[in-house]
*Asks:* 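Structure provided below as structure tokens; questions to follow.
Just the heavy atoms: all of them, side chains too, but no hydrogens, waters or symmetry mates, feed the values below.
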Amino acid sequence: MFRVESRTLWSLGLVVLLLTAAVPAQGAGFLIFEQGAKAMGMAGAFTAQADDPSALFHNAAGIAFQKERDFYLGGTLVSGQADFSGAPPYPGAGVTEQTEKLQELVPHFYWIEPISERVSFGLGLNAPFGLSVEWKDKDTFTGRFISTHSALTAIDLNPTIGWQASDTFGIG
């Protein structure tokens, strides 16, 4: 008879938990993180700095440290095309599909207004989801009975208050 001690089971369970916790979920799908030129230039490492009005998207507490009225208006042009190669059982080996060329302009606007020495108000308007996909050859596309065009658009309006609790700590 094979017997496993509870300590071994706990250790194995902990190892499995740690290994699965490190795997990225990649659930963003149509999410667009490109909500400011400076943040894009810093490859997303802007969240800890958050020192321009686009902090409203990346880290709302960052507006607490902004001492002057400021606004930010911009957009991100997303362009691309994709190919899909099928696999058994569906749609089958050797099946290749292609999307229409995607071209979307995703806007963003941010405004910061200091209220007092330690409190700031911010208003952000952005589209964190604003992409679509449309397949070429809709009449012969293997997924035509499921979908030939999908689009997801959301517009967020975020009024935010930022409070500078100390010289190095803010809450948004």
Side-chain angles (χ1 to χ4, degrees), residues 5-82 84 99-134 147 149-172:
E5 292 192 30
S6 64
R7 180 177 232 179
T8 304
L9 285 175
W10 276 102
S11 299
L12 183 62
L14 181 62
V15 168
V16 169
L17 180 66
L18 290 174
L19 288 175
T20 58
V23 177
Q26 299 180 356
F30 285 8
L31 182 60
I32 302 167
F33 289 103
E34 291 78 10
Q35 299 291 336
K38 184 175 184 178
M40 284 180 10
M42 296 175 72
F46 180 74
T47 301
Q49 184 173 341
D51 62 354
D52 75 16
S54 69
L56 286 164
F57 178 82
H58 298 280
N59 180 357
I63 71 168
F65 298 93
Q66 297 180 34
K67 303 302 179 197
E68 296 178 6
R69 175 185 298 156
D70 202 357
F71 74 94
Y72 189 113
L73 175 66
T76 302
L77 179 63
V78 181
S79 180
Q81 194 167 6
F84 170 78
T99 62
E100 296 283 354
K101 185 171 174 99
L102 165 72
Q103 233 168 351
E104 304 273 352
L105 180 63
V106 184
H108 47 266
F109 170 78
Y110 305 103
W111 168 53
I112 306 294
E113 184 71 37
I115 296 173
S116 71
E117 183 66 28
R118 293 194 172 265
V119 178
S120 294
F121 171 77
L123 185 65
L125 181 65
N126 58 48
F129 297 94
L131 297 181
S132 63
V133 64
E134 187 170 354
S147 173
H149 179 165
S150 297
L152 179 60
T153 302
I155 297 177
D156 286 353
L157 178 64
N158 298 316
T160 305
I161 297 287
W163 173 53
Q164 184 180 351
S166 73
D167 289 342
T168 59
F169 183 72
I171 297 172

*Asks:* Under 3.5 Å, which donor-acceptor pairs link side chains of residues 163-172 to any protein atom two or more places apart or in another chain?
*Replies:*
unit_1	atom_1	unit_2	atom_2	d
Q164	OE1	K67	NZ	2.5
Q164	NE2	S166	O	3.3
S166	OG	T168	N	3.3
S166	OG	F169	N	3.2

*Asks:* Any heavy-atom pair between the side chains of L125 and I155 that's under 4.5 Å?
*Replies:*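 SC-SC contact between I155 and L125 confirmed.
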
*Asks:* Using side-chain contact (heavy atoms from CB on, under 4.5 Å) as the criterion, list what pairs up with A154, not counting sequence neighbours.
*Replies:*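 Once residues adjacent in sequence are excluded, the partners of A154 under the side-chain contact (heavy atoms from CB on, under 4.5 Å) criterion are F129.
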
*Asks:* Is the H58 ring parallel, tilted or perpendicular to the F46 ring (thresholds 30°, 60°)?
*Replies:*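 The arrangement is perpendicular - the two ring planes meet at more than 60°.
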
*Asks:* Can you tell me how far the NE2 atom of H108 sits from the CG atom of L73, to the nearest 0.5 Å?
*Replies:*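 Between atom NE2 of H108 and atom CG of L73 there are 7.5 Å.
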
*Asks:* Any side-chain to backbone donor/acceptor pair from Q81 onto T99? Under 3.5 Å, distance only.
*Replies:*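 Yes; judged by distance alone, with no hydrogens or angles, the pair exists.
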
*Asks:* Considering all heavy atoms of both residues, which atom of I112 and which atom of S120 are nearest to each other, and what is their separation?
*Replies:*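 Result for this residue pair: CG2-CB, 4.4 Å.
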
*Asks:* If you look at every heavy atom in F57 and P128, which pair is closest and at what distance?
*Replies:*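 Heavy atoms of F57 and P128 come nearest at CE1-CB, 4.2 Å.
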
*Asks:* With a 4.5 Å limit on heavy-atom distance, are the side chains of Q35 and L56 in contact?
*Replies:*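 No, their side chains stay 4.5 Å or more apart.
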
*Asks:* Quick check against the 3.5 Å criterion: does N59 have a side-chain atom that pairs as donor or acceptor with the backbone of T47?
*Replies:*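 Here the side-chain-to-backbone pair exists.
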
*Asks:* Sub-3.5 Å donor-acceptor pair from the side chain of T160 to the main-chain atoms of A60, do we have one?
*Replies:*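 No, T160 side chain to A60 backbone: no donor-acceptor pair under 3.5 Å.
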
*Asks:* With sequence neighbours excluded, what pairs up with Q103 under the side-chain hydrogen bond (donor to acceptor under 3.5 Å, both in side chains) test?
*Replies:*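 Listed in chain order: nothing, the list is empty.
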
*Asks:* Under 4.5 Å between any side-chain heavy atoms of P53 and F71, yes or no?
*Replies:*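 They are not in side-chain contact.
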
*Asks:* Please report the interatomic distance CG(N126) to CG(N158), rounded to the nearest 0.5 Å.
*Replies:*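 Here the interatomic distance stands at 6.0 Å.
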
*Asks:* With heavy-atom distances below 4.5 Å as the criterion, would you say the side chains of D52 and Y110 are in contact?
*Replies:*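 Contact flag for D52/Y110 side chains = no.
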
*Asks:* Could you grab the distance from atom NZ of K38 to atom OG of S54, nearest 0.5 Å is fine?
*Replies:*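 Reported value, rounded in 0.5 Å steps: 8.5 Å.
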
*Asks:* State, with a plain yes or no, whether a side-chain heavy atom of I161 is found less than 4.5 Å away from one of I63.
*Replies:*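 Result no, sub-4.5 Å side-chain heavy-atom pair not found.
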
